[in-house]
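As structure tokens, the structure follows; a few thoughts come after it.
Small disclaimer: the values here were computed from a predicted structure and weren't measured.
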Amino acid sequence: MAEVSELIKERRSKLEWIREAGIKPYAGKFLRSHCLGEAIEVGDGVKVAGRIMALRRHGKTTFADLRDRSGQIQIYVSFDLLGEERYNLFGKMDIGDFVGVEGEVFKTKTEELTIKVEDLTILSKSLRPLPEKWHGLKDVEIRYRQRYLDLIASEEVRKTFNLRSSLIKMMRQWLDERGFLEVETPMLQPIPGGAAGKPFKTHQDALGMDLYLRIAPELYLKRLLVGGFEKVYEINRSFRNEGISTRHNPEFTMLEVYQAYADYQDMMKLVEELIIHLAQKLLGGRKFAYQGKQIDLTRPWRRLTFRQALKEMYAVDIFSEEEDTKSLAEKLRRSGVKLKGEKVTRTALIRLLEKSLSSTSPAFVIDYPAFLCPLARKKDDKTAERFELFIGGCELANAYSELNDPIEQRERFEEQKLRDEENQLTDGDESQNPPDQTGSEEKKIDEDFIRALEYGMPPAGGLGLGIDRLVMLLTDSPSIRDVILFPQLRPEKL
RNA sequence: GCCCCCAUAGCUCAGUUGGAAGAGCACCUGACUCUUAAUCAGGGUGUCCCAGGUUCGAGACCUGGUGGGGGUACCA
């Protein structure tokens with residue numbers, strides 16, 4: 001046990017006092033007549049419980065503020081009503097303690113609704129002091145590590161996580177109403193697929209096999225299209241073993257939607273309608289501020305092709321000559337864009353797009369170079385039917401018309417694998433990663449997925465939407481850590 | 001991985017040119033039977049993140065580390 005501060009010793013001695021008085025400081029069930037947020041009137045007899053948030057003692061009377069999930073109310077505790085013994089017991093209460101009280105509602109002379117305490121039950125004694133009431137908890141490390149304190153101290157934080165919960169609930173409802181079926185697919189996958197990204201590796205003892213935490217549910221959801229489900233969605237965690245930033249947490253929550261007989265244009269409509277619906281329900285309108293930027297969700301949302309976007313911003317025409325990652329990189333560098341590696345990755349392009357779309361309201365960047373989208377249907381030789389949605393400078397969604405040609409799918413996988421291996425080789429000089437640790441060796445083609453396509457998959461549109469990022473946008477949160485209850489941090493030394 | 005910034009009481013923070021560790025809230029003692037950031041009188045409760053170094057003297061300066069934040073890179 002770590003050293004105990006004076007403040008904790010003080011509270012422990014109160015705890016001992018209570019125990020010696022024959023009272024249990026940690027009670028069991030307490031049946032309430034009301035929540036604190038519920039309407040009550042003068043004269044009502046109520047039985048409520050909550051955490052003591054403030055204490056104002058004046059000798060033989062005390063006022064305290066009691067808070068529960070739904071609200072806060074003042075209680076009035078007096079020597080006359082409780083008697084010496086129990087009033088002294090109340091003297092051992094601290095801010096942070098949970099108590100149950102019973103009594104009649106009245107109004108003080110300042111017209112504040114207050115409960116006159118006739119009976120008092122200690123429900124839980126708090127041994128550590130809460131953060132200060134006026135300035136709250138600002139230390140971000142404590143806020144993330146000890147989220148419970150953050151939730152106690154900040155109304156804003158409570159609102160953010162309430163909104164997150166409502167948003168997911170509404171999203172489910174909206175999709176259910178449109179005939180989508182919610183499904184659950186494996187998070188432990190023998191071959192991780194469906195997205196870029198380095199997976200987390202784990203091992204199952206019973207089968208003696210390595211497994212990976214999924215980087216996306218995509219390939220399993222498409223198997224369900226093969227199986228005859230026409231509209232499916234999944235809302236759950238994916239995991240990527242990569243850098244952590246204000247927009248990336250190693251585990252994050254994504255919505256993926258697949259609709260048979262549809263394409264990426266339908267997905268654009270769907271995501272527009274869904275996000276507007278959520279914003280209107282949760283924020284009451286289509287216009288709001290995100291980090292000082294004005295966001296307007298009024299339709300139609302801007303659409304520009306990937307080619308246009310890069311032409312406008314960097315005067316580079318990606319399709320003017322032979323298109324591959326290296327030549328693209330050269331062209332961009334000639335236009336003054338700073339790039340580190342020899343090649344252009346999808347993320348580098350996203351970053352460029354994010355920068356230039358940072359102050360804008362929603363924009364769909366459509367028709368990506370096909371070599372960046374191995375799972376998307378080609379529009380023509382060079383482009384794929386794919387879009388990414390940017391709002392407030394953040395990539396929020398990604399969708400395409402799904403490739404359902406099994407032979408082409410295999411070729412695209414093979415091309416991708418080759419490209420990866422080349423990249424591994426060129427990177428090898430700089431990064432000095434031993435090849436067996438980079439994960440390239442583990443990149444396998446999901447043969448069962450191809451087999452499923454060979455049985456026949458209907459044409460379909462598919463969409464992935466980052467729920468954490470959407471919550472960031474709607475709660476004006478600057479970091480993804482502000483919308484994930486327990487973001488990933490290094491272990492604390494206790 | 002690299003670059004920059006931060007770490008002082010339970011919380012929020014100040015700490016000058018290197019010269020006796022501070023404030024508000026919280027807490028403790030006492031007073032007080034309608035307060036509400038209660039008030040009044042008194043009390044500082046500390047591993048100044050850790051380990052070295054410079055110095056007569058380090059919270060401050062130097063080196064290394066730990067944790068956090070921001071940026072950047074990686075993210076078919």
Side-chain angles (χ1 to χ4, degrees), chain A residues 2-11 13-14 53-65 72 74-81 87 94-96 106-112 114 116 126-145 149 152-153 192-199 215 240-248 250 325 338-341 343 345-351 369 371-375 395 412-424 427 430-433 438-440 443 478-479 481 487 489-493:
Chain A
E3 259 183 62
V4 181
S5 81
E6 288 302 316
L7 295 169
I8 294 175
K9 278 183 191 161
E10 201 65 52
R11 286 174 178 236
S13 77
K14 287 175 186 169
M53 297 308 295
L55 277 169
R56 295 176 290 280
R57 299 184 192 276
H58 322 78
K60 290 196 167 62
T61 63
T62 301
F63 288 93
D65 298 330
Q72 186 161 312
Q74 176 167 264
I75 62 171
Y76 172 75
V77 185
S78 81
F79 183 93
D80 290 348
L81 280 162
Y87 189 75
D94 286 302
I95 290 170
F106 75 108
K107 270 190 180 172
T108 63
K109 63 183 182 190
T110 51
E111 293 289 296
E112 177 160 351
T114 302
K116 189 179 287 182
S126 159
L127 297 179
R128 290 176 183 270
L130 293 182
E132 193 230 6
K133 59 185 164 186
W134 202 244
H135 297 92
L137 189 62
K138 290 190 178 166
D139 184 320
V140 288
E141 189 172 347
I142 300 177
R143 287 189 46 220
Y144 297 151
R145 279 193 200 286
L149 291 181
I152 292 169
K198 192 179 162 196
I215 54 176
R240 296 188 189 170
N241 198 350
E242 279 151 13
I244 296 176
S245 77
T246 50
R247 285 175 190 172
H248 300 82
T325 50
K338 284 176 200 163
L339 289 170
K340 267 201 173 174
K343 59 186 166 106
T345 61
R346 186 190 141 247
T347 352
L349 293 173
I350 288 172
R351 202 166 279 275
F371 67 86
L372 292 173
C373 327
L375 293 159
E395 181 204 1
R412 303 274 289 276
F413 275 153
E414 300 281 3
E415 280 169 27
Q416 203 62 52
K417 202 174 162 186
L418 271 178
R419 193 169 284 124
D420 286 344
E421 281 161 8
E422 276 171 26
N423 288 341
Q424 289 299 339
D427 281 358
E430 294 166 17
S431 63
Q432 298 178 339
N433 280 335
T438 56
S440 65
K443 206 157 270 165
S479 168
R481 295 184 198 89
L489 297 178
R490 280 194 175 80
E492 182 185 14
K493 281 176 284 181

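The OG1 atom of Thr114(A) sits 9.0 Å away from the CG atom of Asp65(A) when rounded to the nearest 0.5 Å. Taking CZ from Arg145(A) and CZ from Arg490(A), the interatomic distance works out to 9.5 Å, rounded to the nearest 0.5 Å.
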Kindly determine whether Val140(A) and Arg143(A) satisfy side-chain contact (heavy atoms from CB on, under 4.5 Å), including the steps that lead there.
CA-CA 5 Å; Val140(A) 288; Arg143(A) 287 189 46 220; 4.1 Å; yes
Kindly determine whether Glu242(A) and His248(A) satisfy side-chain contact (heavy atoms from CB on, under 4.5 Å), including the steps that lead there.
CA-CA 8 Å; Glu242(A) 279 151 13; His248(A) 300 82; 5.9 Å; no
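Backbone-only contact: Arg481(A) has heavy atoms under 4.0 Å from sugar-phosphate atoms and none from a base. Contacts of Lys14(A) with the nucleic acid, taken as non-hydrogen atoms under 4.0 Å apart, involve only primed sugar atoms and P, OP1 or OP2. Across all strands shown, Glu132(A) has heavy atoms under 4.0 Å from base atoms, whether or not it also approaches the sugar-phosphate. Looking at heavy-atom distances under 4.0 Å, Thr246(A) makes contact with sugar-phosphate atoms alone, never a base. Nucleic acid contact for Ile215(A): none, since no nucleic acid atom lies under 4.0 Å from a heavy atom of the residue. Counting non-hydrogen atoms under 4.0 angstrom, Leu130(A) reaches nothing in the nucleic acid. If you check every strand for non-hydrogen atoms under 4.0 Å, Tyr87(A) touches nothing.
Checked against A38(B), G68(B), C27(B), the side chain of Glu10(A) finds its nearest nucleotide in C27(B). Closest to the Ser5(A) side chain, of the nucleotides C32(B), G10(B), U12(B), is G10(B). Side-chain proximity of Ile95(A) to the nucleotides G10(B), G69(B), C27(B) is greatest for C27(B). Here the side chain of Lys133(A) is nearest to one of A38(B), G69(B), U12(B), namely A38(B). The His248(A) side chain lies nearest to C75(B) when the options are C32(B), U12(B), C75(B).
U17(B) sits 11 Å from C61(B) when the P atoms are compared, rounded to a whole Å. A gap of 37 Å separates the P atoms of G30(B) and G15(B), to the nearest Å. G64(B) sits 27 Å from G19(B) when the C1' atoms are compared, rounded to a whole Å. Taking the P atoms as reference points, A73(B) lies 30 Å from C62(B), given to the whole Å. Spacing of P atoms, G59(B) relative to U54(B), comes out at 16 Å, to the nearest Å. Here the separation of A14(B) from C6(B), taken at their P atoms, is 12 Å to the nearest Å. Between the P atoms of U29(B) and A7(B), the separation comes to 34 Å (whole Å). Atom name P, nucleotides U39(B) and C25(B): the rounded distance is 7 Å, in whole Å.
Across the protein-nucleic acid pair, Ile75(A) atom CD1 and C34(B) atom P stand 17 Å apart, rounded to whole Å. Rounding to whole angstrom units, CG of residue Asp139(A) and C1' of C49(B) are separated by 12 Å. The distance from atom CG of Leu7(A) to atom C1' of G44(B) is 11 Å, rounded to the nearest whole Å. Residue His58(A) contributes atom NE2, which lies 17 Å from atom P of G30(B) at whole-angstrom precision. Put simply, NZ on Lys107(A) is 17 Å from P on U35(B), counting in whole angstrom units. Following rounding to the nearest Å, Glu242(A) (CD) and G1(B) (P) show an atom-to-atom distance of 15 Å. The nearest whole Å value for the distance from the OH atom in Tyr144(A) to the P atom in A7(B) is 18 Å. Between the C1' atom of C11(B) and the CE atom of Met53(A) lies a distance of 13 Å, rounded to the nearest Å.
One donor-acceptor pair, N or O on each side, does fall under 3.5 Å between the base of U35(B) and the side chain of Gln74(A).
For G18(B), there is no paired nucleotide, since no Watson-Crick or G-U wobble pair has both relevant distances below 3.5 Å. Across all strands shown, G57(B) has no partner, as no Watson-Crick or G-U wobble contact with both distances under 3.5 Å is found. Base pairing of U72(B): its partner is G1(B), meeting the Watson-Crick or G-U wobble criterion (both donor-acceptor distances under 3.5 Å). Of all nucleotides present, none satisfies the Watson-Crick or G-U wobble test against U35(B) with each distance under 3.5 Å. Under the Watson-Crick or G-U wobble criterion, with both distances below 3.5 Å, A51(B) is paired with U63(B).
Judged by distance alone, with hydrogens and angles left aside, the side-chain atoms of Arg240(A) form a donor-acceptor pair with the main-chain N or O of Ile215(A) at under 3.5 Å. No donor-acceptor distance shorter than 3.5 angstrom exists from the side chain of Arg412(A) to the backbone of Leu375(A), with no hydrogens or angles considered. Looking at Tyr87(A), its side chain never comes within 3.5 Å of a backbone N or O of Leu81(A) through a donor-acceptor pair.
The phosphate of C34(B) (OP1 or OP2) has no side-chain N or O of Thr114(A) nearer than 4.0 angstrom. Contact annotation: Lys198(A) does not reach the phosphate of C74(B) (side-chain N/O to OP1 or OP2, under 4.0 Å). Within the 4.0 Å cut-off from OP1 or OP2 of U35(B), at least one side-chain nitrogen or oxygen of Lys109(A) is found. Contact check, Arg57(A) against U39(B): no side-chain N or O comes under 4.0 Å of OP1 or OP2. Residue Arg56(A) places none of its side-chain N or O atoms closer than 4.0 Å to OP1 or OP2 of U35(B). Regarding contacts with the backbone of U45(B), every side-chain N or O of Lys9(A) stays at 4.0 angstrom or more from both OP1 and OP2. The shortest distance between the side-chain N/O atoms of Arg490(A) and the OP1/OP2 oxygens of G67(B) is below 4.0 Å.
Residues Gln74(A) and Thr108(A) meet the side-chain proximity criterion, which asks for heavy atoms closer than 4.5 Å. Looking only at side-chain heavy atoms (C-beta outward), Pro250(A) and Ile244(A) come within less than 4.5 Å of each other.
Sequence order on RNA chain B of the closest nucleotides to Leu375(A) and Arg145(A) puts Arg145(A) first from the 5' end. Summary of the strand contacts: Thr108(A) and Asp94(A) both lie near RNA chain B, and taking for each the nucleotide with the nearest heavy atom, the more 5' one is attributed to Asp94(A).
Aromatic stacking of Trp134(A) on A37(B): satisfied, with centres closer than 5.5 Å and planes within an angle under 30 degrees.
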